[in-house]
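The block underneath contains the structure these notes are about, expressed in structure tokens.
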Amino acid sequence: MTLAFEFSPELQRYERELKEWSVARIRPHARQADTDHRPPANYREIFETCPVKISKHVAKGRDNDLPKFPDGELMRVMAQYEGLNYGDTWAQSYVSGGIGHVVVSLLGTPEQIDRWYEPVVRGGGVTGFGLSEPGAGSDTSGLATRAVRDGDSWVINGSKIFCSHAASAEYVVAFAVTDSEKGIASAEAFVIERGTPGLVILKENEDKLGLRAWETTQIGFEDCVVPLENRLGHDPSAGTNGAGGARLSALSVLNQNRPNVSALSTTVAQAALDLTGELLHEQRLGFRADRWSLIQRELEGMAAALTRNRHLNRYAQWMRQHDLQNRVEASMAKAFGPPTSERVVRRCMQLLGPEGTSTELLLEKWYRDLKILDIFEGTGQIQRVIVAKDFAKRARG
């Protein structure tokens, strides 16, 4: 890695191959996936043609058979986000496979990891992640779902919204308070397997503004009973309730993925900028020389903004790759990337005029996708609060 945080030549080649493939095989299905609110029916066959190996989320430090690069596994994942989603965002809904199993790898005992993490990574399964709740959204201090110990079981009641992949997941990792007096400090993570009585799918997929092919589910827990060993980190010798502290590990997973979400937004904006540049160059003879000069400067300015996005994203993930605390840097990337990318795509649509908002192009779809990416993995507002608090703390010394 250089100070500019460029990928190694090997990883650049990996990203380039993935980008070229995604334009040829992913982008042609983008409009239909948006209309149908799901990936194309033959998505498995499409991905079988991918020229490079790609992955679902894999926890840092875990063995896998993916290509190795000097940059490290987390940087490879970021290159995958940049290359794959250049074609269109629907592909990520298939590849991500959720992050529930990554939480298992962080909080689980060796036995739990063998049971719930390894099979998913090896077999390509899907896992759900349940943290956000109605009325609380990104504010994890408002966690209201309760888990009560009852003999050899936990009884869970509550609900979750925007739970990625929950309707099709093999299991959902859901967070619940185990002690009403301690509140969020007693939060624990529970593995709730598909088909468990009391696990109710309230809404299979939210009718969202963008990212419509991504399955985001509303689920409920109605006296949902799970065995004691389904609490991640379960220790038979522990007391009546859990040990608490699971919330911090949940947020740690989000810290790891926030730079990737920003990378996703950046590559979508880059795709829009590249397409806009090509179309405007075709129309160049229709512009006066002074007008064309202004357009060129605008295109160059937007390209520079996206380059800043990439450097910030890669820096935040590079820190994580090297076991450095990146909570603030991950929030910076998430706070800066999606809104900057949104402004780039909006300006691209304006430069193209009526054609820019037409469904004949994908720019209006990508703009809607970017509005959602500013919310996912922690809203931009909350990320800016995190960064501002850190700056204030530094100023106080």
Side-chain angles (χ1 to χ4, degrees), residues 1-26 44 46-87 91-106 108 110 113-114 116-127 249 252-264 266-267 270 309-326 329-330 333 377:
M1 299 289 291
T2 69
L3 290 177
F5 292 96
E6 298 291 347
F7 291 145
S8 66
E10 301 95 323
L11 192 54
Q12 288 183 40
R13 186 164 52 251
Y14 173 89
E15 180 196 7
R16 185 168 57 252
E17 288 185 57
L18 191 52
K19 183 180 290 187
E20 292 170 355
W21 172 80
S22 71
V23 170
R25 301 305 304 270
I26 298 299
R44 289 187 177 86
I46 294 172
F47 274 90
E48 286 176 359
T49 68
C50 186
V52 298
K53 275 198 171 185
I54 55 178
S55 70
K56 298 181 183 297
H57 283 294
V58 178
K60 182 176 180 292
R62 301 284 175 183
D63 291 335
N64 59 69
D65 60 356
L66 294 162
K68 302 297 189 292
F69 297 95
D71 316 70
E73 171 61 13
L74 295 184
M75 301 306 293
R76 185 204 63 79
V77 171
M78 177 163 283
Q80 177 179 302
Y81 268 83
E82 292 186 16
L84 178 66
N85 292 284
Y86 185 81
Q92 193 63 41
S93 66
Y94 164 73
V95 172
S96 68
I99 58 175
H101 58 288
V102 181
V103 181
V104 171
S105 75
L106 289 171
I113 291 171
D114 287 342
W116 287 309
Y117 175 82
E118 297 295 346
V120 168
V121 174
R122 304 299 179 192
V126 174
T127 62
S249 290
S252 176
V253 172
L254 297 181
N255 285 344
Q256 177 174 315
N257 205 44
R258 280 170 180 155
N260 289 332
V261 173
S262 183
L264 196 165
T266 302
T267 202
Q270 187 67 59
N309 275 12
R310 273 188 287 272
H311 289 171
L312 182 54
N313 301 337
R314 294 174 186 180
Y315 173 58
Q317 203 68 320
W318 177 87
M319 292 183 68
R320 179 80 180 201
Q321 180 68 58
H322 290 80
D323 297 317
L324 301 172
Q325 175 56 252
N326 76 333
E329 289 75 14
E377 305 285 0

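Computation of the quantities below employed the complete heavy-atom set of this structure, encompassing side-chain atoms and omitting hydrogens, waters and symmetry-equivalent molecules.
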What are the two closest heavy atoms between [X] and [Y], and how far apart are they?
X	Y	answer
Ile113	Pro119	O-CD, 4.4 Å
Ser262	Ala333	OG-O, 3.0 Å
Ser55	Val95	O-CG1, 3.0 Å

Just how far is it from atom [atom1] of [X] to atom [atom2] of [Y], taken to the nearest 0.5 Å?
X	Y	atom1	atom2	value
Leu74	Met319	CG	CE	13.0 Å
Phe7	Glu15	CZ	CD	5.5 Å
His322	Gln317	NE2	CD	11.5 Å
Arg76	Leu66	CZ	CG	4.5 Å
Leu84	Trp21	CG	CH2	6.0 Å
Glu329	Tyr315	CD	OH	5.0 Å

Would you confirm whether [X], through its side chain, and [Y], through its main-chain N or O, come within 3.5 Å as a donor-acceptor pair?
X	Y	value
Arg258	Glu377	yes
Ser22	Gly83	yes
Gln80	Ile54	no

| said: Using the side-chain contact (heavy atoms from CB on, under 4.5 Å) definition, which of the options Leu264, Thr267, Thr266 pairs with Tyr81? | reply: Leu264
| field | Sidechain N-carboxylate O distance under 4.0 Å for Glu10, Arg13 | value | no
| Is there side-chain contact between Trp318 and Leu324, with at least one heavy-atom pair below 4.5 Å? | yes
| task | Would you check if Val103 and Tyr117 make a side-chain contact, meaning some heavy-atom pair closer than 4.5 Å? | result | no
The criterion is side chain to side chain donor-acceptor pair (under 3.5 Å); which residues satisfy it with [X], sequence neighbours excluded?
X	value
Asn326	none
Thr127	His101
Glu17	none

| field | Reference residue Arg310; test side-chain hydrogen bond (donor to acceptor under 3.5 Å, both in side chains); the match among Glu82, Glu6, Gln270 | value | Gln270
| query | Any side-chain donor-acceptor pair under 3.5 Å between Gln12 and Arg16? | reply | no
